[in-house]
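To start, the structure itself, in structure tokens.
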Amino acid sequence: MSRPAFRRFWAAQTVSRWGDTFNSVALVIVVYELTGSGVKVAGTVALEIAPVILFGFIAGSFVDRYDRRRIMVSADVARALVAIGLAVFHDELLAVYLAAFALSAFTVLFNPAAGSALPAVVVDPDDIVGANAAVWSAAVISQIALAPVAGLIVATAGARIAFLLNALTFVISAVLLVRLPMVREPVRSAGKHLADIAEGLKAIRSSRFLGVLACVQGLAALSAGATSALLVVLAEDHLDVRASQFGLLIAAIGVGAGVGPLVLQRIAKDVRRRGWLFGPYVLRGVVDVVLAASTSFGVALGALAAYGVGTSTGNVTYNSVLQTTVPERMRGRVFAFFDVVWQTGRLLSIGVGGLAADRFGIAAVYLLGGALLVGAGALGLTLAPQRLVHAANVGDADSRMAGEHG
């Protein structure tokens, strides 16, 4: 990807991911040290999910109405200030909880803006898959490489340094993005934000593809929330592994996630086909069933590597399809809607999954999670249009998006 604008965008996203890694590691350590409670650590996860559910729709309307570059820069500056506050007051549980909520709230604004802006930065539609793959791969590599470093920094220098590093990455991201050339002018709607939200929901409801995708995402979130959060329980109770081996399981997911986009770019000529979008759900579902059925550590390593491939290829395809099929003026609301669907399902899954693991065992949770993912993928493969093509006017009765007539 040779465009200077994309290189600037990619660098901002990557640096910001570095800070996210430092923050996420430090945050859970701080809460556990303050409280000694796993429930209160889980509370930070709930506080990070809540803003998506509460503010997702309104964030999407802002992204479609105002300058996306300014939204991203403003969100980065706000997150830097929150991270500095967290560095100062991290020994107060209430301050930590408030900071977790605030960081997530501004991220809710940033993410749909970034997802919606990428096609304007890349310009050539043929480069969108490669651009998403580059952003995803950088995020995965950053997490694999920096999570151990973050833990070491917290252990030796304290959480304050990790939070200050997070603040610094937001500042660097804002500086990079403030000079980002954008070809799009914001659409200044004369209506109110509630009308924008209603228009977005109507557009999604009028599209067969987006309706199917919403059902698929909801089912997948009901699976992934619990299985991701309870992987450590699977490792200890089902696989009977030590902490060092658990780290290898996480690394296997990371390796698969890093390889996935490379494979996708090499073999997929056009990702706007339902097999590329919904097939990875089936793959991840099969992996969950294998994890539930086998107690072999070696089998688990291979399965989780395959899970990483499914996650990364699915994520890159999902972003690329929405960016190339959703009309530009609606993109922020569509991205925000699916964020709300995903996080709502994830929150429900975490709560129900924990109770189910205690009552029925962790293998039952993974079996059910696998069934949900396979069902989600099968639903998309059966009901979605074969080819997901662009239409100019989302929600218009005569020209619906994403292959309604394909």
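- Looking at Ser349, its side chain never comes within 3.5 Å of a backbone N or O of Gly345 through a donor-acceptor pair.
- Inter-residue side-chain proximity for Glu48 and Gln343 is flagged as unmet; no heavy-atom pair is nearer than 4.5 Å.
- Counting heavy atoms from C-beta outward, Val271 and Leu264 have side chains that approach closer than 4.5 Å.
- Using a 4.5 Å heavy-atom threshold, the side chains of Asp339 and Val108 count as separate.
- Using a 4.0 Å cut-off between a side-chain N of Lys or Arg and a carboxylate O of Asp or Glu, Asp196 and Arg65 qualify as a salt bridge.
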Report the C-alpha separation of Arg160 and Leu164 in whole Å, then their side-chain angles, then the decisive distance to 0.1 Å, and conclude whether the side-chain contact (heavy atoms from CB on, under 4.5 Å) test is met. CA-CA 6 Å; Arg160 177 179 283 108; Leu164 288 175; 4.0 Å; yes
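- Thr317 places no side-chain N or O within donor-acceptor distance of the main-chain N or O of Gly314, the cut-off being under 3.5 Å.
- Using modelled atom types, one side-chain atom of Arg274 and one backbone atom of Ala384 make a donor-acceptor pair closer than 3.5 Å.
- Counting only distance, with no hydrogens or angles, the side chain of Asp64 and the backbone of Gly332 share a donor-acceptor pair below 3.5 Å.
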Item to check | Leu210 vs Phe338, side-chain contact (heavy atoms from CB on, under 4.5 Å): CA-CA, chis, key distance, verdict | outcome: CA-CA 9 Å; Leu210 292 184; Phe338 284 109; 3.9 Å; yes
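- Using a 4.0 Å cut-off between charged nitrogen and carboxylate oxygen, Glu328 and Arg68 count as a salt-bridge pair.
- Formation of a donor-acceptor pair under 3.5 Å by the His238 side chain with backbone atoms of Ala292 is found in this model.
- For the pair Leu213 and Val341, the minimum side-chain heavy-atom distance is 4.5 Å or more.
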Check: Are Gln217 and Tyr281 close enough, and set up right, to give a side-chain hydrogen bond (donor to acceptor under 3.5 Å, both in side chains), and what steps lead you there?
Finding: CA-CA 9 Å; Gln217 283 284 83; Tyr281 292 96; 2.6 Å; yes
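- The local environment of CZ in Arg17 is sparse, with at most 12 non-hydrogen atoms from other residues, nucleotides or ligands closer than 6.0 Å.
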Open item on the list: side-chain contact (heavy atoms from CB on, under 4.5 Å), that's the test. Do Thr311 and Trp136 meet it? Break it down for me.
Closed with: CA-CA 10 Å; Thr311 299; Trp136 173 267; 4.0 Å; yes
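- Contact annotation: the side chain of Asn132 approaches that of Gln323 to within less than 4.5 Å [non-hydrogen atoms, C-beta and beyond].
- Side-chain atoms of Glu92 and Val96, non-hydrogen and from C-beta on, never get closer than 4.5 Å to each other.
- Heavy-atom contacts from other residues, nucleotides or ligands closer than 6.0 Å to CH2 of Trp10 number 12 or fewer.
- In this structure, the side chain of Asp127 does not engage the main chain of Val122 through any donor-acceptor pair within 3.5 Å.
- Panel note: side chain Arg208, backbone Leu383; a donor-acceptor pair is recorded below 3.5 Å.
- Smallest separation of non-hydrogen atoms from Leu249 and Ala300: CD2-CB, 4.0 Å.
- Side-chain contact between Leu47 and Ser104 is absent, with no heavy-atom pair separated by less than 4.5 Å.
- With 3.5 Å as the limit, one finds a donor-acceptor pair spanning the side chains of Thr107 and Arg79.
- Remark: the backbone N or O of Val290 is not paired with any side-chain donor or acceptor of Ser294 at under 3.5 angstrom.
- Contact of the Leu277 side chain with the Tyr318 side chain is registered, since non-hydrogen atoms from C-beta on lie closer than 4.5 Å.
- Around atom CG of Asp240, no more than 12 heavy atoms belonging to other residues, nucleotides or ligands sit under 6.0 Å away.
- A donor-acceptor distance shorter than 3.5 angstrom exists from the side chain of Arg331 to the backbone of Ser116, with no hydrogens or angles considered.
- Between Val289 and Gly370, the closest heavy-atom pair is CG2-CA, 4.1 Å.
- A distance-only check finds no donor-acceptor pair linking the side chain of Trp18 to the backbone of Thr169 [under 3.5 Å].
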